[in-house]
Amino acid sequence: MDDDIREIIIIGSGPAGLTAAIYAARANLAPLVIEGEPSSTSDQPGGQLMLTTEVENYPGFVEGIMGPELMMAFRGQAARFGAEILTARVTRVDLSERPFGVWVGDPDVPAPTHRAHALIVATGARSLMLGLEAEERLIGHGVSTCATCDGFFFRGQHIAVVGGGDSAMEEALFLTKFAEKVTVIHRRDELRASKIMQERAQKNDKIEFCWNHVVVDVLGDTKVEGVEVEHVHTGERSTLPVTGLFVAIGHRPNTDLFRGQLDMDANGYLITGPGTRTNVEGVFACGDVQDHTYRQAITAAGSGCMAAIDAERWLESRGDIDAQRTATNW
Ligand code: NAP
């Protein structure tokens, strides 16, 4: 049991959590970052960028940077300013009173393992995946969940998108800027996407549909060389000769921990505002856990900065910290 009551605990260590940590540490708030566990896909340290190869759209890197390398730099920068980083998975939180309680390890023990006056939630979201072994192996090597991030690498190629919702249509449309042909693989013969997105996709000459099919395998050892699909009614299998597979079957925010305590929308995303405030005073949220629209590293980092500033100002207004001590030049 850690008897110290922290000023701030940050849950999550993607671009949002670590940017919040950099700002909070520079404000002398000695934040504790609980970064997640390497074994878990939903809360792995560093978040979704750890599953990406090259990041070409993060400003400041003329030649691009590998996703894991970028996250190591974020982490090092946070540590340099005194953020403490704990590799563990949060299993329970109690936001009913301050200081807030945070548990790592056994959630059934009565006392929290950590307590803090303010909490920043940066637990991110995860892309839903098909659950194929090859899909996991080839992520970052032709399998992707982000057309904005990776579309550029598929110039002039034939690629596939799985899914029939707005995300799939959006990804497919975006990918036509680069690809020669985009095949949308959908498990039914009717799209779930909004009418306007359906129309746009159906009118686009580069997009073709592979109806009533599911992906059963991704071919290739070190890069995608094709996708094996199966007709859902006949069971007949065939191979699509694509070099990329974009999985767009939905996202799930990592908010199970906060159910019943923080307000969420129908899809489970935390509701924030004004700024990064949640419905519980002293709890702030940033990054993909509260953003289903932009979902970019740079927007997550920006909202992490906002959360740290909001939290610091809130703590200051509550008299929890000495305003003199945090007179920091942001
Ligand atoms: P979604 O609406 O839940 O659609 C997921 C799609 O993936 C569905 O077509 C579903 O098939 C398919 N799917 C799910 N699991 C599958 C599996 N295991 N194998 C194969 N296919 C599978 O998710 P979304 O497209 O990410 O959208 C989520 C929300 O964000 C929606 O409310 C959407 O309107 C919104 N959104 C809006 C925009 C926009 O307005 N520009 C863009 C993106 C997202 P079935 O149809 O058969 O269930």
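All figures in this text were calculated on a predicted structure; none of them were measured in a lab. Note that ligands are numbered from 1 as they come in the structure, with each ligand's atoms numbered from 1 the same way. In what follows, residues are counted from 1 in the order of the sequence shown.
- Under the 4.0 Å distance rule, the nearest protein heavy atom to atom 23 (O) of ligand 1 falls inside the cut-off.
- Between His251 atom NE2 and Thr145 atom OG1 the span is 5.5 Å, to the nearest 0.5 Å.
- Without hydrogens or angle criteria, Trp314 side chain to Glu281 main chain gives no donor-acceptor distance under 3.5 Å.
- Although no hydrogens or angles enter the test, the distance criterion places a donor-acceptor pair under 3.5 Å between the side chain of Trp103 and the main chain of Ala111.
- Nearest protein neighbour of atom 9 (O) of ligand 1, counting heavy atoms only, is Gly164 N, 3.0 Å.
- Summarising the contacts of atom 15 (N) of ligand 1 with Arg187, His186, Met169, the nearest heavy atom is found in Arg187.
- For atom 29 (C) of ligand 1, the closest heavy atom belonging to the protein is Asn267 ND2, 4.3 Å.
- Ring pair Tyr58/Phe61 is tilted by interplanar angle, where 30° to 60° counts as tilted.
- At a heavy-atom cutoff of 4.0 Å, ligand 1 is contacted by the side chain of Leu130 but not by its backbone.
- The single protein non-hydrogen atom nearest to atom 5 (C) of ligand 1 is Ile249 O, 3.5 Å, given as residue, atom name and distance.
- Other residues, nucleotides and ligands place more than 12 heavy atoms under 6.0 Å from the CZ atom of Arg188.
- Looking at His158 and Thr183, their side chains do bring a donor and an acceptor atom within 3.5 Å of each other.
- Atom 44 (C) of ligand 1 has its nearest heavy-atom neighbour, among Ser167, Ala168, Gly250, in Ser167.
- For atom 39 (C) of ligand 1, the nearest non-hydrogen atom of the protein is Glu170 OE2, 4.0 Å.
- Residue Arg188 approaches ligand 1 through these ligand atoms, each under 4.0 Å from one of its heavy atoms: 45 (P), 46 (O), 47 (O).
- The nearest protein atom to atom 3 (O) of ligand 1, hydrogens excluded, is given as Arg192 CD, 4.2 Å; this is a heavy-atom distance.
- Judged purely by atom type and a 3.5 angstrom limit, Gln261 uses its side chain to pair as donor or acceptor with the backbone of Val93.
- In terms of modelled atom types and a separation under 3.5 Å, the side chain of Asp217 and the main chain of Leu219 share no donor-acceptor contact.
- Closest protein heavy atom to atom 31 (C) of ligand 1: Asp166 OD2, 4.7 Å.
- Polar contact with ligand 1: absent for Met197 (N/O pair, distance under 3.5 Å).
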